[in-house]
K.L.:
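Could you have a look at this structure, given as structure tokens, before my questions?
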There are 2 protein chains.
Amino acid sequence: MDQDLKAYFAKTLAEVSIDCVIFGFHAGELKVLLLRWKETDGWSLPGGRIFKEESLNAAAVRILQERTGLTEIFLHQYYTFGDTNRNTHFTEMELLERLEGFFGKGIFDELLHNRVVSVGYFALVEFALVQATPDWFTDECRWWNIADVPNLLFDHNDMITSALQALRQQIRNQPIGYDLLPEKFTMPELQKLYETILDKQFDRRNFQKLLMSYDILEKLDEKRVGVANKSPFLYRFDKQKYEKAIHSGISFSM
Amino acid sequence: MDQDLKAYFAKTLAEVSIDCVIFGFHAGELKVLLLRWKETDGWSLPGGRIFKEESLNAAAVRILQERTGLTEIFLHQYYTFGDTNRNTHFTEMELLERLEGFFGKGIFDELLHNRVVSVGYFALVEFALVQATPDWFTDECRWWNIADVPNLLFDHNDMITSALQALRQQIRNQPIGYDLLPEKFTMPELQKLYETILDKQFDRRNFQKLLMSYDILEKLDEKRVGVANKSPFLYRFDKQKYEKAIHSGISFSM
DNA sequence: TATCATTGTGTAAAATTTACGCATTGATAT
DNA sequence: ATATCAATGCGTAAATTTTACACAATGATA
């Protein structure tokens, strides 16, 4: 296994890597996918190295696929992190020593002491479709509520903070939801998604009017059944019009 | 000189570099600063390598300083370009061969055949203050009207295109002008800047009302003299309020 | 069968954006 | 010296968008 890793290192770039903030939405909460490093309680974002013959975007797609099993997902490059101390500055010494002990000095140095620039992507995925899968360095891969994210390894807390800012920028100028929600959803569910991302409440009547004005939603004849009180109608995105709105841009002004 | 270059290569990252789109505004035209490579008619963006102990942002500031002489400038990281063929794909073979002939195979390979990821920044500078200075690889450094930019080396035309998109995004959500205009300017000059960047005409009365509503401009008692017809008043940005508006954000909705 | 939280639909007020009028200015032409 | 004229300063009304809120309908639960 150590040999495989050496070969992997040899075939990939040493000074640039990729980290991904994978957003999901479930039970009215915004979540991110995190990995726990083997034999430690240190968590980090999903990430990986770039093959020498592989484009940046292709590498990001591959990493996403490896961690979630998904291939068709929204992926957006939002910032490149290039501080010289980003490997270690935000991580406690004790945890670094534990990692060094477990992985051995060779791997540890290559991975954590080299100066590496990391390109940040964020992804929007449908929660229910994700098969969370750890990588070689990690034991566990699972969702965390955005509000409950612990202190992470490296500069990954910063990465999440600025990914959330980028997502908020995104939601104000482009339709969002096709990638985060199941195919059919109710208007209150869509509203809750917007409210969660922007951390802001909206009047449901005005929200519905604004969203419908974008002409990207299709109201279905079905209603959600078995839910408390009055059954809400189901909606679905019109993929064609949705794509068009992504290109022309919208303005979510609430 | 070749020794210096080797030492420079040894002290800098090999897989990541920086390229900067430096915007200026003069005589009602938006301009970018370009460099002509020695003994060729191939033009490129200002760029450079990153010292191993230098953060990405510090390297960008240094490169800006080296090309313009300016230290206090608006600088914004907007995208990282990571296609595998970005070195050569958009450049004619003939020109590449001329560069190889002039610089020698060693330098050429290091510079143009290695796979390099480039972090794109754009800068906004005051045209009159710039001391355009070529670097080791180039003979000439001068302004080009954005509309007249020729076919550039590497993927640099793409870089300008997406930098302009990022600038347009910027101008709609943040005040712009402090970095591009001289200290004192007239309302029509400010309007022309907005119109040039967004490639769109505005009603001058509505433009003035909107800009004044941001509460970042200070109307002076002076007028611009010696200009045709009625002399317009001079304005200046209130730096304090301008900074505050950058943080809170504005919405340029015209 | 009554209750009640939630949803569906609509309307009026407030705020913002857009369109445009008119007097003033000061260099230029006569 | 004076008339001309394009550009500027300042303002108002219409159109549109955003915001606030009213009320009936629904369907699970008590």
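Below, each value reflects all heavy atoms present in this structure, side chains not excepted, and no hydrogens, waters or symmetry copies. Order of the sequence lines fixes the chain letters, A, B, ..., with proteins taken first and strands second; residue numbering starts at 1 for each chain. On a predicted model such as this, the values are computed, not experimentally measured, just so you know.
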K.L.:
Taking Glu189(A) first and then Arg224(A), would you say they form a salt bridge - that is, a charged N and a carboxylate O separated by under 4.0 Å?
P.N.:
yes
K.L.:
Could you go through nucleotides 11-15 of chain D and list every protein N or O atom that sits under 3.5 Å from one of its N or O atoms, giving the distance for each pair?
P.N.:
from	atom 1	to	atom 2	distance (Å)
dT12(D)	O4	Lys209(B)	NZ	2.8

K.L.:
Under 4.0 Å between a side-chain N/O of Ser253(A) and OP1 or OP2 of dT18(D), yes or no?
P.N.:
yes
K.L.:
Can you measure Asn229(A) atom CG to dG27(D) atom P for me and round it to whole angstrom units?
P.N.:
11 Å
K.L.:
Could you check whether the rings of Phe122(B) and His76(B) sit parallel, tilted or perpendicular, using 30° and 60° as the cut-offs?
P.N.:
tilted
K.L.:
If the test is ring-ring contact (aromatic ring centres under 6.0 Å, His included), which one of Phe154(A), Trp37(A), Trp144(A) qualifies with Trp43(A)?
P.N.:
Trp144(A)
K.L.:
Nearest-Å distance, CZ (Phe207(B)) to P (dT17(C))?
P.N.:
14 Å
K.L.:
Starting at the 5' end of DNA chain C and moving along, which residue's nearest nucleotide shows up first, Val225(B) or Pro188(A)?
P.N.:
Pro188(A)
K.L.:
Tell me the interatomic distance from Leu210(B), atom CG, to dT17(D), atom P, rounded to whole angstroms.
P.N.:
17 Å
K.L.:
Going by an N to O cut-off under 4.0 Å, is there a salt bridge joining Glu195(A) and Lys200(A)?
P.N.:
no
K.L.:
So does Asp238(B) pair up with Lys244(B), basic N to acidic O under 4.0 Å?
P.N.:
no
K.L.:
Do any side-chain nitrogens or oxygens of Lys219(A) fall under 4.0 Å of OP1 or OP2 in dT9(C)?
P.N.:
yes
K.L.:
Specify the separation, in whole Å, of atom NZ of Lys230(A) and atom C1' of dA28(D).
P.N.:
14 Å
K.L.:
Using 30° and 60° as the class boundaries, would you call the ring planes of Phe252(B) and Tyr194(B) parallel, tilted or perpendicular?
P.N.:
tilted
K.L.:
Without decimals, in angstroms, what is the distance between Leu211(B) CG and dG9(D) P?
P.N.:
13 Å
K.L.:
Before accepting this row, confirm whether a basic side-chain N of the pair Glu140(B)/Arg142(B) lies closer than 4.0 Å to the acidic partner's carboxylate O.
P.N.:
yes
K.L.:
Between dT8(D) atom C1' and Leu190(B) atom CG, what is the distance in whole Å?
P.N.:
15 Å
K.L.:
Tell me which of Val227(B) and Thr186(A) sits closer to the 5' end of DNA chain C, going by the nucleotide each one is nearest to.
P.N.:
Thr186(A)
K.L.:
For a quick check under 3.5 Å, do Tyr178(B) and Glu243(B) share a side-chain donor-acceptor pair by atom type?
P.N.:
no
K.L.:
Quick one: CG on Leu198(B) to CG on Leu30(B), what's the gap to the nearest 0.5 Å?
P.N.:
10.5 Å
K.L.:
Output the rounded distance in Å from CZ (Arg224(A)) to P (dG8(C)).
P.N.:
12 Å
K.L.:
To the nearest angstrom, how far is Arg204(B) atom CZ from dC10(D) atom P?
P.N.:
11 Å
K.L.:
Can you sort out which residues in residues 170-177 of chain A have a heavy atom within less than 4.0 Å of DNA chain D? Ascending by number, please.
P.N.:
none
